A.B. asks: 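Here it is: the structure, laid out below.
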Amino acid sequence: MTVRTRFAPSPTGFLHIGGARTALFSWAYAKKNGGQFILRIEDTDLERSTPEAVQAILDGMQWLGLDYDEGPFYQMQRMETYKKMLQTMLDAGTAYYCYSSKEELEALRESQMQQGLKPRYDGKWRPESGKTLPAIPVDISPVVRFRNPQTGVVAWDDLVKGRIEIANAELDDLIIARADGTPTYNFCVVVDDFEMGITQVIRGDDHVNNTPRQINMLKALGATVPQYAHLSMILGGDGQKLSKRHGAVSVMQYHEDGYLREAVLNYLSRLGWSHGDAEVFNMQQFCEWFDLDHITPSAAQFNTEKLNWLNAHYIKEANIDVLALDIATRLTKLNVEVSLQPKLQDVLALYRERTNNLNQLASEVAYFYALPKANLADVEKHLTPEILPVIRTLSEKLGIIDWTAEAIHAEINAVVAENQLKFPKVAMPLRVMLTGNTQSPSIDQVMALLGQKLTLARLQKHLI
RNA sequence: GUCCCCAUCGUCUAGAGGCCUAGGACACCUCCCUUUCACGGAGGCGACCGGGGUUCGAAUCCCCGUGGGGACGCCA
């Protein structure tokens, strides 16, 4: 049987890091096994689903390069199918109408909680042989409930967590269609996973408790039960759960914040999954290696430091033209217009090894295209009255040489020797004057790249 | 409260009874390189939650604690 996996987010917000990892693992599992990966938008919650969120999820998937073979399917467009299935179950007696009001159920829940019981439906409207159902109230439109078995156990061999068994006695008759007739999550999932022929359901840990109910419904429908793999959650850097209020961040935010998709992908791959000592690998390699056997069942904490390290690695490895395109965009956001000279690719070649972030890289190279403003403390510290004459002499000599890093280096060396100075004594003021910074690559290389004209002009400004 | 899940360095993890005086990676520290800051190179610090079993032998298996997390919606 060919492998078919799916990613089924609800469009109530952006694609966050946990969802992205779930999608990544499902995607990789399909790729690894030559199967299909399906995207399904679970938008049956009219209250909270938004088209913006749908778009945000699609954008996130695209940025990460998680392409799907089928979909996106939208559950709201599949109502006919759900209604048909609902009727089938009603006819078969595996589902029934329930006229209990919300208030009634609320009261029930409360009293059960007080008694220290697990809150659950009391089965008031559950048809039973020999049982007389209450009179149907006229003012209540009914919900539909699944008639869950009351005895025995539901068990499955979770591909991540191992065997899990739950007594049916722990389960109650869940609502599968609301009073307005729309089906609920647990029912749609079951119908879709069944009809879409999903073979492995890879999803978040928080669905473990839904699994036994879904298995029971699948069985009631006569469907083959897929395999399940429940991924543990990703905790924030502080070890706390991620939520809208606490640290949950859109994957697109990582793009904004200067991360390369390759770094995010590689990082996410290693969160909860491993392949021996392998740390750095691309997605092709990942798809070859990926398996469910090496997923950790415990929760993982997000660690920005390691992401940064991977980001540094991928910045070094990136195709220089692709990198230049990205950095040019970021420079534009900094109101810096990239000119033809010096070539951005050359600048990046000199700078890319020194950073772990694209935004940082952009701001570090900005001075090539816009006049830098050195901070006062640096100016005072390095542009001393003693050194300025030396720089002036150097500046004059620089005006008449071949503009190569070697020649520049030789000139600096010459003045350093003449004045019996140390190299940094001259290099530092040059840095401040030319880059506005006290940190840069070799100053001779910077000057070579900046060009003779710009270099002399910037020096001149400080020598007046 | 009830049910379910989890537990190796600060963090991500390797580990399927002897290969473990527990390996790798990030971070941290030291040194080297050096034209500043990085990069890079070489070292270092650092963990099997506790207690009982099982076994010749347990990080690995079992039980009990403890701690953490999840679920208990006409949300997904």
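Chain letters run A, B, ... following the sequence lines, proteins first, then strands; residues in each count from 1. Here the structure is a predicted model, which means the values were calculated and not measured.
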A.B. asks: Please give, in whole Å, the distance from B:rU34 P to A:Gln439 CD?
C.D. replies: 20 Å
A.B. asks: I want to verify a distance call: between B:rC5, B:rA76, B:rU35, whose nearest atom is closest to the A:Thr44 side chain?
C.D. replies: B:rA76
A.B. asks: Could you tell me the separation between the CZ atom of A:Arg213 and the P atom of B:rC4, rounded to a whole number of Å?
C.D. replies: 14 Å
A.B. asks: For B:rC49, what is the paired nucleotide under Watson-Crick or G-U wobble rules, both distances under 3.5 Å?
C.D. replies: B:rG65
A.B. asks: For a quick check of understanding: with a heavy-atom distance under 4.0 Å over all strands, which category does A:Asn308 fall into, base, sugar-phosphate or nothing?
C.D. replies: nothing
A.B. asks: Considering only NZ, NE, NH1 and NH2 on the basic side and carboxylate oxygens on the acidic side, decide whether A:Glu418 and A:Lys397 come within less than 4.0 Å.
C.D. replies: yes
A.B. asks: Would you say A:Ser274 reaches B:rA14's phosphate, i.e. side-chain N/O to OP1/OP2 under 4.0 Å?
C.D. replies: yes
A.B. asks: Taking the P atom in each of B:rG65 and B:rC56, what is the distance between them to the nearest angstrom?
C.D. replies: 28 Å
A.B. asks: What I want to find out is whether A:Lys124 reaches A:Glu104 closely enough, with some N-O distance under 4.0 Å, to be called a salt bridge.
C.D. replies: yes
A.B. asks: Does A:Ser298 put a side-chain nitrogen or oxygen below 4.0 Å from OP1 or OP2 of B:rG69?
C.D. replies: no
A.B. asks: With a 4.0 Å cut-off, would you call A:Asp193 and A:Arg40 a salt bridge?
C.D. replies: yes
A.B. asks: Select base, sugar-phosphate, or nothing to describe what A:Ile443 touches, counting heavy atoms under 4.0 Å on all strands.
C.D. replies: base
A.B. asks: Given that both distances must come in under 3.5 Å, which nucleotide forms a Watson-Crick or G-U wobble pair with B:rG43?
C.D. replies: B:rC29
A.B. asks: Please determine if A:Asp43 and A:Arg78 form a salt bridge, counting it only when a charged side-chain N lies under 4.0 Å from a carboxylate O.
C.D. replies: no
A.B. asks: Under 4.0 Å between any heavy atoms, over every strand shown, what does A:Pro9 touch: base, sugar-phosphate, or nothing? Just pick one.
C.D. replies: nothing
A.B. asks: Between B:rA27 and B:rA22, how far apart are the two P atoms, rounded to whole Å?
C.D. replies: 24 Å
A.B. asks: When both hydrogen-bonding distances must be under 3.5 Å and the geometry is Watson-Crick or G-U wobble, what is B:rA16 paired with, if anything?
C.D. replies: none
A.B. asks: Got A:Thr5 and A:Ile38 here, is their nearest side-chain heavy-atom distance under 4.5 Å?
C.D. replies: no
A.B. asks: Mind checking A:Thr296 for me? I need base, sugar-phosphate or nothing, with any heavy atom below 4.0 Å counting as a touch.
C.D. replies: sugar-phosphate
A.B. asks: For a 4.5 angstrom cut-off between non-hydrogen side-chain atoms, does A:Gln452 reach A:Leu398?
C.D. replies: no
A.B. asks: So, is A:His230 near the phosphate of B:rG70, with a side-chain N or O under 4.0 Å from OP1 or OP2?
C.D. replies: no
A.B. asks: Contact class for A:Lys102 vs. all strands (heavy atom < 4.0 Å): base, sugar-phosphate, or nothing?
C.D. replies: base
A.B. asks: Which part of the nucleic acid, if any, lies within contact of A:Gly272, taking any heavy atom under 4.0 Å across all strands shown: a base, the sugar-phosphate backbone alone, or nothing?
C.D. replies: sugar-phosphate
A.B. asks: Give the rounded distance in Å between these two atoms: CG of A:Asp206 and C1' of B:rG73.
C.D. replies: 14 Å
A.B. asks: A:Trp273 and A:His294: side-chain donor and acceptor closer than 3.5 Å?
C.D. replies: no
A.B. asks: Any N/O pairs under 3.5 Å between the protein and nucleotides 59-64 of chain B? List them or say none.
C.D. replies:
none

A.B. asks: Just to be sure I understand the rule, does A:Ala179 reach a base, reach only the sugar-phosphate, or reach nothing, if contact means heavy atoms closer than 4.0 Å?
C.D. replies: base
A.B. asks: Whole angstroms only, please: what is the CG-P distance between A:Leu235 and B:rG70?
C.D. replies: 8 Å
A.B. asks: Look at the side-chain N and O atoms of A:Ser232 and state whether any lies under 4.0 Å from the OP1 or OP2 oxygen of B:rC6.
C.D. replies: no
A.B. asks: Distance check, C1' atoms only: B:rC61 and B:rA16, in whole angstrom units.
C.D. replies: 11 Å
A.B. asks: Checking all strands, does A:Val143 fall into the base, sugar-phosphate, or nothing category for heavy-atom contacts under 4.0 angstrom?
C.D. replies: base
A.B. asks: Would you tabulate the pairs of protein nitrogen or oxygen atoms and nucleotide nitrogen or oxygen atoms of nucleotides 1-3 of chain B closer than 3.5 angstrom?
C.D. replies:
residue: B:rG1; atom: O2'; partner: A:Gly116; partner atom: O; Å: 2.2
residue: B:rC3; atom: O4'; partner: A:Glu170; partner atom: OE1; Å: 3.4

A.B. asks: Give each protein N/O atom lying under 3.5 Å from an N/O atom of nucleotides 23-26 of chain B, with the pair distance.
C.D. replies:
residue: B:rG23; atom: N2; partner: A:Asp277; partner atom: OD1; Å: 3.4
residue: B:rG24; atom: N2; partner: A:Arg270; partner atom: NH2; Å: 3.3
residue: B:rG24; atom: N2; partner: A:Glu279; partner atom: OE2; Å: 2.8
residue: B:rA25; atom: O4'; partner: A:Glu279; partner atom: OE2; Å: 3.4
residue: B:rC26; atom: OP1; partner: A:Trp309; partner atom: NE1; Å: 3.4
residue: B:rC26; atom: O2'; partner: A:Glu305; partner atom: O; Å: 3.4
residue: B:rC26; atom: O2'; partner: A:Lys306; partner atom: N; Å: 3.2

A.B. asks: Taking the side chain of A:Tyr185 as heavy atoms from C-beta outward, which of B:rC12, B:rA76, B:rC5 is closest to it?
C.D. replies: B:rA76
A.B. asks: Write down the distance separating the P atoms in B:rC6 and B:rU60, rounded off to the nearest Å.
C.D. replies: 15 Å
A.B. asks: For a quick check under 3.5 Å, do A:Asn216 and A:Asn148 share a side-chain donor-acceptor pair by atom type?
C.D. replies: yes
A.B. asks: Reckon A:Ser269 touches a base, only the sugar-phosphate, or nothing at all at heavy-atom distances under 4.0 Å?
C.D. replies: nothing
A.B. asks: Would you mind reporting whether A:Arg203 and A:Tyr228 have side-chain heavy atoms less than 4.5 Å apart?
C.D. replies: yes
A.B. asks: If you compare all heavy atoms of A:Asn186 against all heavy atoms of A:Met217, which two are closest, and at what distance to 0.1 Å?
C.D. replies: O-CE, 3.6 Å
A.B. asks: Is any side-chain heavy atom of A:Leu39 less than 4.5 Å from a side-chain heavy atom of A:Met61?
C.D. replies: yes
A.B. asks: Near A:Lys32 NZ, under 6.0 Å, is it more than 12 heavy atoms from other residues, nucleotides or ligands?
C.D. replies: yes
A.B. asks: Looking at every strand, decide which applies to A:Arg120 at a 4.0 Å heavy-atom threshold: base, sugar-phosphate, or nothing.
C.D. replies: nothing
A.B. asks: Given the C1' atoms of B:rA42 and B:rU36, what is the spacing between them in whole Å?
C.D. replies: 23 Å
A.B. asks: B:rU8 and B:rA25: how far apart are their C1' atoms, nearest whole angstrom?
C.D. replies: 15 Å
A.B. asks: Which listed nucleotide (B:rG73, B:rG40, B:rC6) is nearest to the side chain of A:Lys316?
C.D. replies: B:rG40
A.B. asks: Map A:Asp180 and A:Trp273 onto RNA chain B by nearest heavy atom, then report which one ends up closer to the 5' terminus.
C.D. replies: A:Trp273
A.B. asks: For A:Ile234 and B:rC6, give me the distance from atom CD1 to atom P, rounded to whole Å.
C.D. replies: 18 Å
A.B. asks: Can you tell me which nucleotide in B:rC39, B:rG70, B:rA76 comes closest to the side chain of A:Met233?
C.D. replies: B:rG70
A.B. asks: Can you tell me the distance, in whole Å, between the CD1 atom of A:Ile176 and the P atom of B:rA76?
C.D. replies: 13 Å
A.B. asks: Charged N to carboxylate O below 4.0 Å: is that the case for A:Asp158 and A:Arg163?
C.D. replies: no
A.B. asks: Answer yes or no: is there a side-chain heavy-atom contact under 4.5 Å between A:Leu344 and A:Leu348?
C.D. replies: yes
A.B. asks: If you measure from the C1' atom in B:rU13 to the same atom in B:rA47, how many Å do you get, rounded?
C.D. replies: 12 Å
A.B. asks: Give A:Ser440 one of three labels, base, sugar-phosphate or nothing, depending on what nucleic acid heavy atoms sit under 4.0 Å from its own.
C.D. replies: base
A.B. asks: Could you check whether atom OH of A:Tyr97 has more than 12 heavy atoms from other residues, nucleotides or ligands sitting under 6.0 Å from it?
C.D. replies: no
A.B. asks: To the nearest angstrom, how far is A:Leu174 atom CG from B:rA76 atom C1'?
C.D. replies: 13 Å
A.B. asks: With P as the reference atom in both, quote the distance from B:rC49 to B:rA14 in angstrom, rounded to an integer.
C.D. replies: 14 Å
A.B. asks: So does A:Arg431 get a side-chain nitrogen or oxygen closer than 4.0 Å to the phosphate oxygens (OP1/OP2) of B:rU35?
C.D. replies: no
A.B. asks: Answer yes when A:Glu106 and A:Arg109 have at least one side-chain N-carboxylate O distance shorter than 4.0 Å, and no when they do not.
C.D. replies: yes
A.B. asks: Watson-Crick or G-U wobble partner for B:rU2, using a 3.5 Å limit on both distances?
C.D. replies: B:rA71
